[in-house]
Amino acid sequence: MQWIIKFSRFFSAAMLVIFLSPSLQSYPPAEAIRSSYHIPHDYRFSFRNSPSFRNADECDSVSDEISVCDPSLVHVAITLDIDYLRGSIAAVHSILRHAFCPESIFFHFLVTDTNLEALVQSTFPQLKFKVYYFDPSVVKNLISSSVRQALEQPLNYARNYLADLLETCVRRVIYLDSDLVVVDDVAKLWSTDLGLKTIGAPEYCHANFTKYFTAGFWAEPDFAATFERRKVCYFNTGVMVMDLVRWRKEGYTKKIEKWMEIQKSERIYELGSLPPFLLVFAGHVAGIEHRWNQHGLGGDNVKGSCRDLHAGPVSLLHWSGSGKPWIRLDSRNPCPLDALWAPFDLYGYGHGHEHGHIHESS
Ligand SMILES: *[C@@H]1O[C@H](CO)[C@@H](O)[C@H](O)[C@H]1NC(C)=O
């Protein structure tokens, strides 16, 4: 048994070296993110088992056969993109580690090309989850080129379709990006009061809103009028609490698609999936405490430089921007705050600071 483990550890390390080192040297950081990071073929053996997580005594008791429609569940939606898989797994791990009632969380995973169900099942044996296939052709013709290739991936747009993809009995969902970790009980975010609003997110009213749209957009009175009589503030779409009942009723998916259609011919913005959300929701967002999205830790879109935390308490750390902690840690050139991501990484055997579950049980 021992030699198999040794061999597979060697093998994963070798794969990392083979896949990561040549490309990291030859690509600028922004491209390296998508084009160089590949995970070995048998994904199940690429991640260590997560420790098991149990509800505290004070939680509602949850049976293993609980239905996705059970009203006591907290619903979280995350994409599983091959290039961000390590980030998604770390995000799930971080949520479970900090939840008072981890067994009461139901995960909705959105995928495009691969069946990653076995990977999730083996990494998190007790997890309540469902995998949803998001058909890339739904958005293929709606995606325009943006400043970063990673922003053009179809799965980036899956958040627009959560109201359609998830069971209609799911009335609310927390959408989370794959490059973040939660360091607080996600149930607190879940219980946010949205009032009459459809989505909740931390708002940044001092950010210069103008720069998210092109000069052409502001020069066209019909477009600019969109924001008239709205107290618009920037918000990040990587952390959102969404009222799916209201979303379905108001048909927001179609409203977002309408702006994506316009973008194809008019070039009204430079980023990917974010600006259509700003167009539809800015000024109509339930403000959530800033602690729930300490964003920008990935660094600048162009330079990939290190960032510091914003002032105030922290419940969620978000490596938005072009730099990702797993890439920087592997390249042995991490930013200081990447050390806060590392404890949630389950990738590889004996990779980083701890040894794998399989190794211990052998
Ligand atoms: C906001 O950004 C726009 C476009 O980049 C710029 O022209 C404008 O001066 C900025 N406004 C402020 C207050 O910084």
Side-chain angles (χ1 to χ4, degrees), residues 28-31 33-34 142-153 156-157 159-160 177 179-180 197-240 252 255-312 314 316-324 335 337:
E31 279 151 56
I33 287 165
R34 288 211 69 89
L142 287 172
I143 298 175
S144 325
S145 62
S146 69
V147 286
R148 249 196 311 152
Q149 200 196 350
L151 300 176
E152 294 160 30
Q153 291 305 309
N156 259 337
Y157 297 84
R159 70 194 91 190
N160 305 356
D177 270 352
D179 50 0
L180 53 79
K197 308 283 173 35
T198 303
I199 65 170
E203 290 187 289
Y204 307 89
C205 298
H206 297 298
N208 185 350
F209 198 81
T210 314
K211 68 176 187 190
Y212 293 98
F213 300 93
T214 58
F217 172 86
W218 295 111
E220 169 59 53
D222 285 348
F223 292 158
T226 312
F227 293 121
E228 262 170 31
R229 291 183 294 280
R230 282 164 66 175
K231 194 190 170 303
V232 292
C233 299
Y234 168 78
F235 64 95
N236 179 282
T237 52
V239 178
M240 294 186 285
Y252 284 118
K255 293 179 188 184
I256 289 173
E257 284 182 335
K258 188 198 81 180
W259 284 112
M260 291 174 75
E261 286 283 357
I262 291 171
Q263 165 73 352
K264 288 194 61 155
S265 54
E266 309 275 344
R267 196 73 188 172
I268 53 176
Y269 51 80
E270 303 294 345
L271 291 170
S273 60
L274 171 73
F277 265 87
L278 294 180
L279 284 157
V280 174
F281 292 109
H284 305 308
V285 169
I288 289 176
E289 278 183 278
H290 288 150
R291 65 195 301 152
W292 286 104
N293 195 349
Q294 283 269 355
H295 65 289
L297 304 184
D300 189 87
N301 271 2
V302 180
K303 292 192 300 256
S305 49
C306 295
R307 291 285 179 87
D308 208 350
L309 286 174
H310 306 265
V314 182
L316 184 152
L317 296 152
H318 186 187
W319 278 261
S320 54
S322 63
K324 300 301 165 203
C335 285
L337 290 177

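Remember, it's 1-based here, ligands and their atoms both numbered in the order they're listed. Just so it is clear, the model here is predicted, and its values are computed rather than measured.
Taking the side chain as every heavy atom from C-beta outward, V239 and I288 never approach each other to under 4.5 Å.
Taking only nitrogen or oxygen atoms, main chain and side chain alike, T210 does not reach within less than 3.5 Å of ligand 1.
Side-chain N or O atoms of W218 include one that pairs as donor or acceptor with a backbone N or O of T210 at under 3.5 Å.
Here the protein heavy atom with the shortest distance to atom 2 (O) of ligand 1 is N208 ND2, 2.3 Å. When hydrogens are left out, the protein atom nearest atom 5 (O) of ligand 1 is K211 CB, 4.0 Å; that is the closest non-hydrogen contact.
Put simply, the residue from H290, H295, H206 that forms a ring pair (Phe, Tyr, Trp, His ring centres under 6.0 Å) with H310 is H295.
Contact annotation for atom 13 (C) of ligand 1: protein absent (non-hydrogen atoms, distance under 4.0 Å). Protein heavy atoms are absent from the 4.0 Å sphere centred on atom 7 (O) of ligand 1.
Separation of the F223 and F213 ring centroids does not fall under the 6.0 Å cut-off.
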message: Using the rule given for side-chain contact (heavy atoms from CB on, under 4.5 Å), can you reason through N160 versus E257, listing the C-alpha separation, both sets of side-chain angles and the distance that settles it, and then say yes or no?
response: CA-CA 9 Å; N160 305 356; E257 284 182 335; over 6 Å; no

